[in-house]
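FYI, the numbering just counts along the sequence from 1. From a predicted model like this one, the values you see are computed outputs, not experimental measurements. Both counts, for ligands and for their atoms, begin at 1 and track the order of listing.
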Amino acid sequence: MVDFALTDEQLQFQRLAHDFAEKEIRPVAALYDEKDEFPWDVVKKAAKMGLTSFYFPEKYGGGGVEDRITEFIVSEELAWGCAGIQTCILGTGLAAAGILAIGTEEQKDKWIPMFCDENNLKIGAMCLTEPNAGSDVQSLSTTAVPKDGGYLINGVKCFITNGGIADVHVVFATTDPAAGWGGLAAFIVPKGTAGMSMGKKEHKLGVRASHTAEVIFQDCWVPAENRLGGEGAIAALGALQMLEYTRPGVGAAALGIARAALEYAIDYAKTRVQFRKPIIAHQGIGFKLADMAIKVEAARLLIWKAGWMSNVKAPFNKGEGSMAKLYAGDIAVEVCIDAIQILGGYGYMKEYPVEKWLRDSKIYQIWEGTAEIQRLVISRKLGGKSF
Ligand SMILES: Cc1cc2nc3c(=O)[nH]c(=O)nc-3n(C[C@H](O)[C@H](O)[C@H](O)COP(=O)(O)OP(=O)(O)OC[C@H]3O[C@@H](n4cnc5c(N)ncnc54)[C@H](O)[C@@H]3O)c2cc1C
């Protein structure tokens, strides 16, 4: 049965997230974009309202909302407010997904509850990418060598969201460089661990409220109990599962940007008069808006379908998670470009929010697997491969 009517719980979260985005995020979105600074005040307010923890299981102190469509609705609404700030509010989910996918029960009990404390917010970072290992994850060169009942980690991670400011870093390293995927392991490195430091803070095109930095590991020792999954565990499958799992939520944020741009362009086109009529009445603009609206609706359908599949634990055999993320990322860029076109010269100016939305949208074709890598995943699945 297909049913697009939202449940009471979904509607309640949609209202909560939308109100928060409207009252707390939109008024400061341009400011944090300009300042290029993590919006701690906004994120702490979001935490108090349960928006950073609603999706964690109750047994860890989270809100216990298991429905992934609710998660995607919240992502869409918050990113409608500002995708950079949405990343700050929900970005910890990626590190948490790594712990939940790879960690033992004891590790989950130890590390997940801190992300659920609404009054003492803790954030996470997921450290996979390296200067010479982006899409090609298995060529990563950060090493973890057994020493004194633990591991000595050495290497550099780059472009890490919350990197160096997070309370918990989930760090992927190789225990055997010759083994490729087979040597991949993941470690918890808490804030303040000797040998871990923040490198260069990046200054970005978009999502500028989110913090992105290098994280450097120099003889950074962690106890063996911090190896996710325990001694000898291979993290490769968990890493892929983690990315598969989080992709539709990333798509939902791209969708939020696209919807913001579409709504703004419609309002503008209804009031801007040229040649004695509102520009929406010129077919060239009206048709453009129609195409933008179709793309937004289609992206939401892919995202919600992936959410429904996650809910019923159906595997993404056709790469449905990648499809949702890929399509939403692509259309977000297209819709923002069209929205600027509809605003004409005003769209190009910083007094109007659309140029920021275009800058923010571009990252969704790059992070958590580029658009090309999503197409690779989908085509491999169509060819019968599991990844
Ligand atoms: C703002 C920001 C935040 C990020 N946050 C995190 C984070 O929190 N944690 C983390 O680990 N990483 C993070 N990343 C890293 C991000 O996931 C990588 O940038 C991304 O995976 C691409 O890697 P790369 O930049 O090295 O590009 P490359 O892998 O070098 O790719 C360059 C180009 O080649 C293409 N390409 C590569 N291989 C193929 C192929 N086989 N077929 C076709 N085309 C190919 C790519 O699609 C791309 O267009 C972040 C990046 C940014 C910009």
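- Protein heavy atoms are found inside the 4.0 Å sphere centred on atom 46 (C) of ligand 1.
- Inside a 4.0 Å radius of atom 17 (O) of ligand 1 there is at least one protein heavy atom.
- Counting heavy atoms from C-beta outward, K157 and V171 have side chains that approach closer than 4.5 Å.
- Ranked by closest heavy atom to atom 11 (O) of ligand 1, the top entry among L205, L376, L128 is L128.
- Atom 52 (C) of ligand 1 is approached by the protein to below 4.0 angstrom, counting heavy atoms only.
- The closest protein non-hydrogen atom to atom 20 (C) of ligand 1 is I366 O, 3.6 Å.
- Under 4.0 Å from ligand 1, the heavy atoms of T370 that appear belong solely to its side chain.
- Salt-bridge formation is detected for the pair K350/E355: a Lys NZ or Arg NE/NH1/NH2 atom is positioned less than 4.0 Å from an Asp or Glu carboxylate oxygen.
- The closest protein non-hydrogen atom to atom 26 (O) of ligand 1 is G134 CA, 3.2 Å.
- At least one N or O atom of M126, backbone or side chain, sits closer than 3.5 Å to an N or O atom of ligand 1.
- Closest to atom 12 (N) of ligand 1, if we only count protein heavy atoms, is T129 OG1, 2.7 Å.
- Side-chain contact between F20 and V42 is present, with heavy atoms from C-beta onward closer than 4.5 Å.
- Against a heavy-atom cut-off of under 4.0 Å, I363 is close to the following atoms of ligand 1: 1 (C), 2 (C), 52 (C), 53 (C).
- Aromatic ring pairs are classed by plane angle as parallel below 30°, tilted from 30° to 60° and perpendicular above 60°; the pair Y268 and Y346 is tilted.
- Salt bridge K295/D330: absent, no basic N to carboxylate O contact under 4.0 Å.
- Less than 4.0 angstrom separates some heavy atom of W367 from each of these atoms of ligand 1: 1 (C), 2 (C), 3 (C), 4 (C), 17 (O).
- For atom 30 (O) of ligand 1, the protein comes within 4.0 Å by no heavy atom at all.
- If you number the atoms of ligand 1 from 1 as listed, the ones under 4.0 Å from a heavy atom of I160 come out as 7 (C), 8 (O), 9 (N), 10 (C), 11 (O).
- Both cation-pi conditions hold for R68 and Y245: the charged atom is under 6.0 angstrom from the six-membered ring centre and inside a 45 degree cone around its axis.
- The nearest heavy-atom contact from the protein to atom 1 (C) of ligand 1 is K204 CD, 3.5 Å.
- Note that atom 42 (N) of ligand 1 has no protein non-hydrogen atoms nearby, at separations under 4.0 angstrom.
- From the protein, the heavy atom lying nearest to atom 14 (N) of ligand 1 is F159 O, 3.2 Å.
- The CG atom of L302 lies 12.0 Å from the CZ atom of F72; values are rounded to the nearest 0.5 Å.
- When hydrogens are left out, the protein atom nearest atom 36 (N) of ligand 1 is S135 OG, 4.4 Å; that is the closest non-hydrogen contact.
- Among residue pairs with one or both ends in residues 216-237, those qualifying as side-chain hydrogen bond (donor to acceptor under 3.5 Å, both in side chains) are K110-E225, Y151-R227, Y151-E231, N154-D219; sequence neighbours excluded.
- The aromatic rings of F38 and W40 are tilted relative to each other, their planes meeting at an angle between 30° and 60°.
- Counting heavy-atom neighbours within 6.0 Å of E66 CD, excluding the residue itself, gives a total of 12 or less.
- With ligand atoms numbered from 1 in the order given, ligand 1 contributes 17 (O) to contacts under 4.0 Å with heavy atoms of E368.
- Atom 39 (C) of ligand 1 has I373 CD1, 3.9 Å as its closest protein atom, hydrogens excluded (heavy atom only).
- In this pair, W80 and H18 present their aromatic rings tilted. The plane angle is within the 30 to 60° band.
- The residue N162 has no part lying near ligand 1, judged by heavy-atom distances below 4.0 Å.
- For NZ of K35, the number of neighbouring non-hydrogen atoms (other residues, nucleotides, ligands) closer than 6.0 Å is greater than 12.
- Protein heavy atom nearest atom 8 (O) of ligand 1, with residue, atom name and distance: T161 N, 2.9 Å.
- Residue I85 comes nearest to A209 through the heavy atom pair CG1-CB, 3.8 Å, listed as atom of the first residue, atom of the second, then distance.
- Looking at ligand 1, you'll find an N or O of E372 within less than 3.5 Å of one of its N or O atoms.
- V189 places a side-chain heavy atom less than 4.5 Å from the side chain of F217.
- The shortest N or O to N or O distance between C158 and ligand 1 is not below 3.5 Å.
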